[in-house]
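Got a structure for you, questions after.
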Amino acid sequence: MNEQDLYHVILAPHISEKSSRLADKNGQFVFSVRRDATKPLIKQAVEKMFSVQVDSVTVSCVKGKLKRQGKTPGRRQDWKKAYVRLKPGQEIDFVGGQTK
């Protein structure tokens with residue numbers, strides 16, 4: 001996979017209470033990734049985008065919820081979530097602001 005395609009593997013950071021706890025306690029960050037992304041590909045993409053060293057990657061497939069719009073049943077899209085553990089001393093700052 002070429003360098004340009006690595007920027008399309010990670011869709012967005014997944015920010016939640018659980019992901020904040022994991023980031024503080026274990027140095028793990030959670031990302032929404034493409035459904036066809038593999039662990040080595042996710043590792044390359046995170047290292048390239050954030051200039052950090054990745055220790056391990058764990059992947060979870062999330063099934064879309066069943067929803068209704070009146071009488072019409074529907075379903076949200078399935079998606080993939082990646083838990084990325086960084087090596088000690090590495091950090092990703094999503095906010096990007098400086099503290100006073």
Side-chain angles (χ1 to χ4, degrees):
M1 180 165 271
N2 64 14
E3 191 174 306
Q4 195 71 322
D5 291 339
L6 288 178
Y7 289 104
H8 298 290
V9 172
I10 296 175
L11 302 177
H14 186 74
I15 307 296
S16 66
E17 287 183 32
K18 181 180 178 181
S19 66
S20 297
R21 267 187 280 130
L22 286 173
D24 291 339
K25 188 175 179 181
N26 301 332
Q28 274 186 318
F29 294 91
V30 185
F31 296 99
S32 243
V33 296
R34 290 175 42 158
R35 284 191 285 174
D36 61 345
T38 60
K39 288 182 183 183
L41 200 57
I42 294 167
K43 180 178 178 177
Q44 286 178 354
V46 170
E47 288 177 344
K48 181 75 175 167
M49 289 178 73
F50 299 106
S51 300
V52 293
Q53 293 177 340
V54 174
D55 189 27
S56 65
V57 177
T58 305
V59 178
S60 170
C61 294
V62 181
K63 299 292 181 186
K65 292 183 177 180
L66 296 173
K67 294 290 184 176
R68 299 182 64 86
Q69 186 74 27
K71 291 183 178 182
T72 309
R75 185 182 169 130
R76 288 191 181 164
Q77 218 173 20
D78 297 342
W79 58 288
K80 193 179 253 190
K81 186 174 11 177
Y83 293 91
V84 178
R85 182 185 302 269
L86 301 181
K87 291 190 177 179
Q90 301 288 313
E91 183 74 27
I92 296 176
D93 185 24
F94 292 121
V95 178
Q98 294 180 350
T99 58
K100 293 182 182 178

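This one's a predicted model, so the numbers in the text were calculated from it and none came from an experiment. This chain uses plain numbering: 1 for the first residue, then up along the sequence.
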message: Once rounded to the nearest 0.5 Å, what's the spacing between atom SG of C61 and atom CZ of R35?
response: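 Reported value, rounded in 0.5 Å steps: 9.5 Å.
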- prompt: Of all heavy-atom pairs between V57 and K43, which one has the smallest distance, and what is that distance?
  reply: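 Result for this residue pair: CG2-CB, 4.1 Å.
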query: When rounded to the nearest 0.5 angstrom, what is the spacing between OG in S16 and NZ in K81?
result: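 If I round to the nearest 0.5 Å, the distance is 7.0 Å.
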- request: For a side-chain contact (heavy atoms from CB on, under 4.5 Å) with R85, tell me which candidate from T58, D55, V54, L22 qualifies.
  value: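 Going through T58, D55, V54, L22 one by one, the side-chain contact (heavy atoms from CB on, under 4.5 Å) with R85 is satisfied by D55 alone.
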L66 with V62, same ILVMFWY side-chain cluster at under 4.5 Å: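 No, L66 does not connect to V62 through the hydrophobic network.
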- request: Find the distance between NZ (K63) and CZ (R75) and round it off to the nearest 0.5 Å.
  value: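 Between atom NZ of K63 and atom CZ of R75 there are 7.0 Å.
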query: Looking at CD of E47 and NZ of K87, how far apart are the two atoms once the value is rounded to the nearest 0.5 Å?
result: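 Rounded to the nearest 0.5 Å, the CD-NZ separation comes to 7.5 Å.
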task: Kindly work out whether a path of hydrophobic side-chain contacts (I/L/V/M/F/W/Y, heavy atoms less than 4.5 Å apart) joins V52 to L6.
output: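 They do share one cluster, since a chain of ILVMFWY contacts under 4.5 Å joins V52 to L6.
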- request: Any chance you could measure L86, atom CG, to E91, atom CD, to the nearest 0.5 Å?
  value: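 These two atoms lie 7.5 Å from each other.
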query: Quick one: does S32's side chain get under 4.5 Å of W79's, heavy atoms only?
result: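 Of all side-chain heavy-atom pairs linking W79 with S32, at least one is under 4.5 Å.
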message: Is the shortest side-chain heavy-atom distance between R34 and L11 below 4.5 Å?
response: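 Counting from C-beta outward, R34 and L11 do come under 4.5 Å.
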message: Please evaluate residues F31 and I92 with respect to the criterion side-chain contact (heavy atoms from CB on, under 4.5 Å), reporting the C-alpha separation (whole Å), side-chain torsions for both, the decisive distance (0.1 Å), and the verdict.
response: CA-CA 12 Å; F31 296 99; I92 296 176; 4.1 Å; yes
message: For residues I42 and V30: do they belong to one hydrophobic cluster (side chain heavy atoms under 4.5 Å, members Ile, Leu, Val, Met, Phe, Trp, Tyr)?
response: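 Different clusters: I42 never reaches V30 through Ile, Leu, Val, Met, Phe, Trp or Tyr contacts under 4.5 Å.
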message: Has K80 got a side-chain atom pairing as donor or acceptor with A37's backbone, closer than 3.5 angstrom?
response: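 The answer is yes, because a donor-acceptor pair under 3.5 Å joins these two groups.
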Distance (rounded to the nearest 0.5 Å) between F50 CZ and I10 CD1: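 Here the interatomic distance stands at 5.5 Å.
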- request: Using atom types as modelled and distance alone, determine if a side-chain donor or acceptor of D78 lies under 3.5 Å from a backbone N or O of G64.
  value: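 Checking the backbone N and O of G64 against the side chain of D78, a donor-acceptor pair under 3.5 Å is found.
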- prompt: Counting only N and O atoms by type, is there a donor-acceptor contact under 3.5 Å from the side chain of Q90 to the main-chain atoms of Q53?
  reply: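 Between the backbone of Q53 and the side chain of Q90 there is a qualifying donor-acceptor contact (under 3.5 Å).
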query: Hey, any chance V9 and M49 share a hydrophobic cluster, counting ILVMFWY side chains that come within less than 4.5 Å of each other, even indirectly?
result: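 Yes, because V9 and M49 connect within a single hydrophobic cluster, where side-chain heavy atoms sit under 4.5 Å apart.
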